[in-house]
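Please read these numbers as outputs of a predicted model, since none were measured by experiment.
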Amino acid sequence: MRRLFVILALLTFGLLTFALYEGMVAAPTEQTMGEVQRIFYYHVPSAVTAFTLFLINFVVSIIYLARRSPRVDALAVSTAEVGVVFCTVVLVTGPLWARPVWGIWWTWDARLTSTLLLWLIYVSYLILRRYSTSGQTPVIAAVLAVFGFLDVPFVYLANRLFRTQHPQPVYFGGPGSGADPRMTFALLMNMAAFFAFAALVVWLRFRLERARQDFEETQALEALLQPDVRSPR
Amino acid sequence: MSLAEITRVSLAKDLRLEWRSKDAINSMLFFALLVVVIFSFSFDPTAEESRHIAGGLIWVAFLFAAVVALNQTWARELRNQVLDAYRVSPAPANALFISKAVGNFIFVAVLETLMAPLFMVFYNLRSIGPAYELVVVAILATWALVANGTFFAAMSIRTRSREVMLPLILFPISIPALLAMVSATTAILTGEGSARFWVVLLAVYDVVFTTVCLLLFETVLHAE
Amino acid sequence: MSFSSSPANSTNANLIQPTASSAVSLSHVSKIFGRFAALRDLSAEFAAGKLYAILGDNGAGKTTLLRAMVGLAPPTRGTVTVLATEDLRAATAEIGYMAHPTLLYEDMSGMENLRYFAALYGIRDDQPCQHAIHAVGLDPALTRRVGQYSQGMRQRLSLARALVHDPKILFLDEPFSNVDVVSAREMVHVLAHMRDLGKTVFIVTHQAALLQGVADEFVCMAAGQISARTRDLPVAQERSAPPARTTV
């Protein structure tokens, strides 16, 4: 298991390095936006990764409610935490790009607002996990995860009427869309690298959570068996 | 005994207890009043401006005030752990949820009826669009707040520092509904544009989340 | 259910042997709350129609055992079978539970409380409520709110709440705490009578001596397991727990 992890970690870092080169050096500079457009190679993969992790979190939360297995709960907490991290990257790289291109850091636009709300929902999920009394945490958290994910379409619809400033998707966007093949390649490489990286971190977090669960249980049983401080009757 | 019958009995019990203590309604009313006064001080809007911002102010005030009532609902069941008596009985979990949600709907509706005139006075409001539509919006919006609110309050009583927890988990989920109710109210007050899209969105939100609440309440009630 | 009936002496032989008609059986039950374990691989059979006294130190797992048997604390591992079903939700109508807190609304009167809880069991008429309240020696006409009751009265009403739907099995957590000796003995009589009517009664208590000669079996718990099951009051218990001296 450990050897497998090291091999995968090395592969992931190789992929990340290659993708970095492709995005920063090999891909051509965009005509109107210039170098700042390159942030797109991080922004988009982070977003896709975060949304994928939230989707997985939703699915495993439902499975947890049906099966009540601690293993599934460990996966739920791992995907939510890593998802929030990637979502944070999206929210940070977005304004960094928006400032030079739009001239403003932030705007209450559909896609920006939706992402921010998504981030808020999953942060509240993590806070709930932290504050609930231990025995019930997984159930309560899984229920909140279901609510959170079902909220996403409403978040998007509610923001739909606002004028959107966000660039339309470059791909599959109709006439005039499309990009230099080198750009596409760099994006795909970064996408793959981010997925691999996320999977690696989720795995690590999952193993940690499992270890924590086991440890807690052993500790609990040992505490019960230890000779009491009170004198036996 | 049927779901409807137990819901009725449980609701009657809650209304009787509230009538005797008046815990929820008093604290909620005073809280909403404070919010109205504070907002009024800090913005001091003209009549034209206030039409544009009133939608937001009204619903934020009601949302904050509703949280007070929502926390009260379950606090009552935790004293002497009465909730355990319900949990060991064969009564269906959803009867408890529905009675609590309807009870909270009544409390918040009373609050809105009492506070609405006050808003009119403080902000010098007069609706340009059709005012009866405001009633429809109010009903849908209030249900959106209390259905999820009742459910989330039942979850937050399972946490440490439960009173703080409720807004932390309720507000993010409620933001789309809040946006819809504010936009609908503003559209009606200003007479600019139609509130139809928002009303439909609120109605769908109500249906979807009420269904989820009913599906998952038993899980939350019996979680241990 | 009345005080006049004498607590029949039913100490027959072979009480401890498991019978075919077991009321509750637990198989390898563990209950862990996060970092805190309360039950550890506990297996037991409890025959129907007996009165069990559950004894043990604080933290031995008595309350959790009771909560596991009524379905309030589903076991982390293992199974609990009550009246031949593992689905404890299906057995709720036959279970009466009296917890350490009163499980009563303080802003309602005794009868209002009982009517509400009876309704949860589908009971609409007043007869069972009157019956239960008489059985514990309270007056149904009392209009005072429970918040103004003495501790002893609350405990009695709490017992009435557990009895109101005439359950087959009764689970009582510290029913005699803060109750004066006379009332406690009266409550013991009621419970012994219930057992004689064929009901199964579980009583978690620190005042084991009160149940001497009444309980069919004493179940001792330690460290999340059952350490001993005896027909007579364990000697250690007899010495350390004098007959209910705690009064209101």
Checklist entry - Which distance, rounded to the nearest 0.5 Å, do you find between the CZ of Arg130(A) and the OG1 of Thr159(B)? => result 13.5 Å
Next on the checklist: Between Leu179(B) and Phe154(A), is the side-chain contact (heavy atoms from CB on, under 4.5 Å) condition met? List the steps.
Outcome noted: CA-CA 10 Å; Leu179(B) 203 59; Phe154(A) 289 100; over 6 Å; no
Checklist entry - Checking heavy atoms, do the side chain of Arg129(A), its backbone, both or neither come under 4.5 Å from chain B? => result neither
Checklist entry - Quick one: are Leu157(A) and Pro176(B) in side-chain contact, heavy atoms under 4.5 Å? => result no
Item to check | Interface moiety of Leu117(A) toward chain B, non-hydrogen atoms closer than 4.5 Å | outcome: side chain
Item to check | Beyond-backbone contact of Leu168(B) with Tyr131(A), side-chain heavy atoms, under 4.5 angstrom | outcome: no
Item to check | CH2 (Trp119(A)) with more than 12 external heavy atoms under 6.0 Å | outcome: no
Next on the checklist: With a 4.5 angstrom heavy-atom cut-off, is it the side chain or the backbone of Val123(A) that approaches chain B, or both, or neither?
Outcome noted: neither
Item to check | Distance, nearest 0.5 Å, that separates CD1 of Ile169(B) from CG of Leu128(A) | outcome: 5.0 Å
Checklist entry - What part of Phe171(B) lies closer than 4.5 angstrom to a heavy atom of chain A: side chain, backbone, both or neither? => result neither
Next on the checklist: Other residues, nucleotides and ligands only: do more than 12 of their heavy atoms fall within 6.0 Å of CZ on Arg67(A)?
Outcome noted: no
Checklist entry - Which bit of Leu65(A) is near chain B, if near means a heavy-atom gap under 4.5 Å: side chain, backbone, both or neither? => result side chain
Checklist entry - Which pair of heavy atoms, one from Val212(B) and one from Leu150(A), lies closest together, and at what distance? => result CG2-CD1, 3.4 Å
Item to check | Verdict with supporting geometry, Leu215(B) and Val146(A), side-chain contact (heavy atoms from CB on, under 4.5 Å) | outcome: CA-CA 11 Å; Leu215(B) 286 175; Val146(A) 172; over 6 Å; no
Next on the checklist: Rounded at 0.5 Å granularity, tell me how far CZ in Phe147(A) sits from CG in Leu170(B).
Outcome noted: 10.5 Å
Next on the checklist: As an exercise, state the distance from OG1 of Thr219(B) to OH of Tyr64(A), rounded to the nearest 0.5 Å.
Outcome noted: 11.0 Å
Checklist entry - Considering only heavy atoms, which portion of Ala180(B) lies under 4.5 Å from any heavy atom of chain A: side chain, backbone, both, or neither? => result neither
Checklist entry - Take atom OH in Tyr86(B); do more than 12 heavy atoms of anything else shown fall under 6.0 Å from it? => result yes
Item to check | Minimum heavy-atom distance Ile121(A)-Pro172(B), with the two atoms named | outcome: CG1-CB, 3.8 Å
Checklist entry - Among Val139(A), Ile140(A), Ile127(A), Leu118(A), who wins on heavy-atom pairs under 4.5 Å with chain B? => result Ile140(A)
Item to check | Part of Val204(B) lying under 4.5 Å from any heavy atom of chain A | outcome: both
Next on the checklist: Phe152(B) vs Leu144(A), test: side-chain contact (heavy atoms from CB on, under 4.5 Å). Steps then yes/no.
Outcome noted: CA-CA 8 Å; Phe152(B) 282 42; Leu144(A) 184 64; 3.4 Å; yes
